[in-house]
There are 2 protein chains.
Amino acid sequence: MPRYGDEECCDMRGMLGFLILFLLSKKPMHGQEIADELAKRRGDKPSPGTIYPALKSLKYAGFLREEEKVGKTITYSLTPRGMKAFHIAKRRFTRTFLGVLS
Amino acid sequence: MPRYGDEECCDMRGMLGFLILFLLSKKPMHGQEIADELAKRRGDKPSPGTIYPALKSLKYAGFLREEEKVGKTITYSLTPRGMKAFHIAKRRFTRTFLGVLS
DNA sequence: TTATATATATCGGATATCCTATATACCTAA
DNA sequence: TTAGGTATATAGGATATCCGATATATATAA
């Protein structure tokens with residue numbers, strides 16, 4: 001039995017990959033940039049142990065690539081395959097949550 | 001390593017509770033009604049083993065209650081606590097996914 | 001050179017989601 | 001009263017998400 005918090009109905013898991021693709025669809029970013037943007041949106045900053053494995057999985061799937069590397073800072077961008085995956089996921093997202101925002 | 005499908009970036013887990021609260025915030029429904037509505041939205045119908053444990057958890061958390069029972073058909077509705085949880089989650093959802101739909 | 005801050009990386013594990021399979025209860029029609 | 005359809009229920013387990021702790025590499029400042 002999941003333990004819902006006092007006023008929380010869910011933890012919105014499973015959306016991290018989608019959000020990363022969304023952010024990268026707007027502009028290339030590196031890991032910490034993505035983590036900071038997610039902190040602004042969700043209210044809590046994903047830890048290194050969350051963000052880097054997620055990036056690795058998406059890269060492994062061919063959805064993003066390292067665009068530039070300066071020191072340890074790696075800038076990621078979407079591949080065409082990643083853009084396609086994002087658009088498909090976005091359609092599904094839109095249909096699923098139709099009416100929630102309004 | 002998660003196995004992303006050929007064109008799928010994520011499975012959007014973790015939103016089931018939120019979606020159920022959303023649907024019930026519009027009108028009371030019973031389990032199968034909720035499952036059918038989710039089928040229309042997501043494209044696949046959640047199995048009994050998915051929907052009933054989810055309802056049980058939300059009921060256990062005090063977010064919904066059995067409003068009516070006719071035969072085996074149980075109609076659920078949100079409690080005030082559930083409405084509050086939904087509104088909080090909705091605000092967070094809106095802020096998190098700002099700009100995705102547009 | 002040393003110290004500090006930043007960015008990336010990975011392991012191990014806790015937790016939640018979700019499904020398959022199975023069982024039960026109720027209704028209606030024949 | 002028997003059969004078929006519908007709705008609910010739960011156990012068991014596969015899988016994925018996510019985080020805490022820890023380690024490494026680079027750049028910069030003192």
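Naming: A, B, ... by sequence-line order, numbering from 1 per chain. Here the structure is a predicted model, which means the values were calculated and not measured.
- Atom C1' of nucleotide D:dT6 and atom CD of B:E33 are separated by 13 Å, given to the nearest angstrom.
- Atom CD1 in B:I74 sits roughly 13 Å away from atom P in C:dC27 (whole-Å rounding).
- Looking at heavy-atom distances under 4.0 Å, A:T50 makes contact with a base.
- Put simply, CG on A:D36 is 10 Å from P on C:dT8, counting in whole angstrom units.
- As a whole-Å value, the separation of A:K72 NZ from D:dT28 C1' is 16 Å.
- Following rounding to the nearest Å, A:Y52 (OH) and C:dC11 (P) show an atom-to-atom distance of 16 Å.
- At least one donor-acceptor pair under 3.5 Å links the side chain of A:T94 to the backbone N or O of A:K90.
- Counting only heavy atoms from C-beta on, A:P48 has its side chain closest to C:dA9 among D:dT8, C:dA9, D:dC19.
- If you check every strand for non-hydrogen atoms under 4.0 Å, B:S47 touches a base.
- For A:D44, counting side-chain heavy atoms from C-beta on, the closest listed nucleotide (D:dT10, D:dC19, D:dT8) is D:dC19.
- Atoms CD (A:Q32) and P (D:dA25) sit 18 Å apart, rounded to a whole Å.
- Shown here is B:K45, whose NZ atom has more than 12 heavy atoms of other residues, nucleotides or ligands within 6.0 Å.
- Distance, B:L58 CG to D:dT8 P: 15 Å, rounded to whole Å.
- Residue B:I51 is out of contact with every strand shown, counting any heavy-atom pair closer than 4.0 Å.
- Between the CE atom of B:M15 and the C1' atom of D:dA16 there is a distance of 16 Å, given to the nearest Å.
- Looking at B:F93 and A:L101, their side chains come closer than 4.5 Å, going by heavy atoms from C-beta outward.
- As judged by a 4.0 angstrom heavy-atom cut-off over every strand, A:G49 is placed among the base-contacting residues.
- Annotation: the span from A:K40 atom NZ to A:E37 atom CD amounts to 4.5 Å, rounded to 0.5 Å.
- Taking the side chain as every heavy atom from C-beta outward, B:I51 and B:L38 approach each other to under 4.5 Å.
- If you check every strand for non-hydrogen atoms under 4.0 Å, A:L16 touches sugar and phosphate atoms only.
- Phosphate contact (OP1/OP2 of D:dT10, side-chain N/O of B:K56, threshold under 4.0 Å): present.
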